[in-house]
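For ligands, and for the atoms within them, numbers begin at 1 and follow the listed sequence.
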Amino acid sequence: MEQRPLWSGADAAPAKAPTTRGSRAVRTSGVKSRRELSEPAAAATVRAEVSTPVLASIAVGRPVRGEFTYTLPDELAGRLEPGQRVLVPFGRGTALGFYLGPASPPTGEKVRLKAVQRVLEDSPSLPKDLIALLRFAAVHYRYPLGEVIRGALPPGLSKAVDEKEARPDVQHFAVALVNEVPPELSRAPAQSAALAYLLAVGGSAPLEEVAHAIPGARETLKKLATRGFARLEEKTVEASVKEGLIQGRPDHLTPEQDAAGVVLRAALDAATFQPFLLHGVTGSGKTEVYLRAAEHALSLGKGSLILVPEIALTPQLVGRFRSRFGAEVAVLHSALKDRERLFHWQALRRGDVKIAVGVRSAVFAPVDNLGLIVVDEEHDPSFKQEEKLRYQARDLAVVRGKQAGAVVVLGSATPALETLENVKRGRYQLLELKHRVDDRPMPTIELVDLRVERPREGVVTEEAPILSPPLLEAMAETIGRGQQVILFLNRRGHSTVLLCEVCGLSLKCSECDVCLTHHRSQNRVVCHYCGLAMPVPEQCLECTGPMLKLGIGTERVEAEVLERIPTARVARLDRDSASSAERLTEMLASFARRELDVLVGTQMVAKGHDFPGVTLVCVVMADTSLSIPDFRAAERTFHLLTQVSGRAGRGKDPGRVLVQTYNPDAEPVRRVLAHDFDGFANQELEWRKALAYPPYSRMAAVRLEGEHPEQTASVARSLGNIVSRHMPPASAGVRMLGPALAPISRIRGKTRWQLLLKGPTHTALAPLLARLEAALVDVPSAVKVVIDVDPGAML
Ligand code: ADP
Ligand code: ZN
């Protein structure tokens, strides 16, 4: 992570004055974009004191850039703390503001400053270290600071209302009284699901959370309580009692876990910023390392922040934290209700709760006295937010750690190349877990060459079967032994292309530049980008020729398994089948309970699951993500294949992986087969270096979306011209790619263009981005332009 001074000044940012000279507002810094509201209104409002007024730098909760200078009325001067929410005059009305610290007088013109009207709370909602982080985010990702702050706060605090306290200080908890779902519940699926959830998350959870995961669980849990399988209790959350079944805290660490622990404890004791990469193979027990580090932080009175890609996909990690730390843990998932969000915020802010486990937005959680930040599965693309403030939570975690003087642990079996490069440059210290827990072997990985092995039979209008004889054999054998199978294919639906046999035309979305996918269960063709759905056409819409159904998705794989192994209990895990968090949780729990033999799924099955019953993992087609026009395609493929392979053989029985592919020589496939992470990484890094892609450069994408193709193209070209005109000398190493139509050139009827900037450092790109931002004022409103710094996906 590249660090640079955020502002030229120390505490206070260069401020703008929301004031007037004549009728125009004075801006001492920043650029105006058309996203900004009207200029703050003029003269007639509050006058500044004649004596030297105390000045305050305020972030206004409106889409305006920069910070503003206000005066403080006497009764407030010296009493405000940074982070307090205030009410300020703005434009013709008032706005929510955040006091950030003292401001220096605006230079140059004689300005009349307006005064802060009112303070909305007694103590600051925003802790100091968060202010620094939010300021960084606003500058780095080019987003209005007030909006950045509002986005980080829970809804109750992001509006201009007086302080309110979330008061569910009595929370209702359900506590499991058994260790597993008893057989007598087999006829009560609702009760067994609720109990299974409870067990999966560590034996105890707030009723609200269970009810969120499993509809109707409140009633169900009452029934479980009367049957003696669970207990319901009221609990004040402040009382930090440990609850639930204490899920195994292993007595002995593996030697590698122990060694990592020693280093992390020393780092926590030193109480300074120290970033680590915990590179541990799948099943090496990384979670236990996080847990021990958090325990140590707690023993020092310090808080911990644990970021995970997706809560619903990692109930086990949450369960381990909950069972180890009980009510000390706030779980921050995206489905929290407003009141819960506010409650957790305040509990963390007060230091009543010291550990936060959450998804990317939890990087802004106000953990008090932060000592440890963990980013689990740090390579996961879901840490990048793709709307509004387009931040990378892993990168911000490192920035936050630096600002807070905390220990940062980035953990993964397949670290991002950016992170590896930081290790190579000596910025991050490497901790390695090269062996699985208990010296369990890594799974064997075998190749199935689809060019040779794919069955040739098949009906005329559909593709031939995709499950090869070796795969089916291995599946039958595994299921026969009472073990479980995961089948991975990163495409949902039944057939992904419908093609006319006569004219060759494929069925495309009318609004997007993509093919429609056939979903047989819905009997429709569906666009995965805009959601458009329609009945499956019987024949070609152009020439009435017969349609071929090509391209295989998870639905088709599921059907094939059922057809070939009729006795198998099969479920499918993808965005269609797991349309809600509840269904997702239930499906994972059911697989964990071994009520299913086979789980077919997209990348959702490749996440950090720990299912000891899984001994066979099959990659149905490794090729799907290889040809995506993105410089990270190979890396992403390698990660997915390694991660999904890592689901095999985590219990006492050894695991086996079969990889079906048409491209056995493709680099990521070869390296996965050889368990050769280092080889892959070095080769890929060399390639990135040769082409100056990250981590050897920083990028920014300018993304355009417009109603009219010509207008959008012309805006894209004119922005390109601006960049060309202000391009630094070639020696600076900055390059522009495009402007060009985006790889997916139309979505929801809008034409998409993009322009990519590459430079040796972020600092080298910043002036160009500022120019572009300034130019956005002149862009017609039918074209939407966003600047995406450190972009994730290139599509
Ligand atoms: P990773 O995240 O590295 O893939 P996990 O943290 O999920 O691995 O650990 C894999 C399994 O090993 C889990 O079931 C965990 O409970 C278990 N485990 C971890 N550490 C130990 C240990 N020291 N002794 C025994 N079992 C352990
Ligand atoms: Zn569409």
Donor + acceptor pair across side chains of Ser745, Asp513 (<3.5 Å): yes
Any side-chain to backbone donor/acceptor pair from Glu684 onto Ala634? Under 3.5 Å, distance only. no
Ionic contact status for Glu377 with Arg394, cut-off 4.0 Å: no
Matching residue for Thr414 among Arg636, Glu378, Gln643 - test: side-chain hydrogen bond (donor to acceptor under 3.5 Å, both in side chains): Gln643
Tally of protein N, O or S atoms, where distance to the Zn ion (ligand 2) is under 2.8 Å: 4
Mind jotting down which residue pairs meet the salt bridge (Lys or Arg N to Asp or Glu O under 4.0 Å) criterion with at least one end in residues 648-657? Sequence neighbours excluded, please. Glu446-Arg656, Asp610-Arg650
Could you check whether Asp380 pairs with Arg360 (Lys NZ or Arg NE/NH1/NH2 to Asp/Glu carboxylate O, under 4.0 Å)? no
Listing by chain and number, which residues have a heavy atom under 4.0 Å from ligand 1? Pro250, His252, Leu253, Thr254, Gln257, Val281, Thr282, Gly283, Ser284, Gly285, Lys286, Thr287, Glu288, Arg320, Val437, Asp610, Arg650
Determine which pairs satisfy side-chain hydrogen bond (donor to acceptor under 3.5 Å, both in side chains) with at least one residue from residues 591-600, sequence neighbours left out, and list them in order. Arg569-Asp597, Glu586-Arg593, Ser590-Glu595, Arg593-Glu595
Is the Phe638 ring parallel, tilted or perpendicular to the Phe680 ring (thresholds 30°, 60°)? parallel
Drop me the distance from Ser645's OG to Ile445's CD1, to the nearest 0.5 angstrom. 4.0 Å
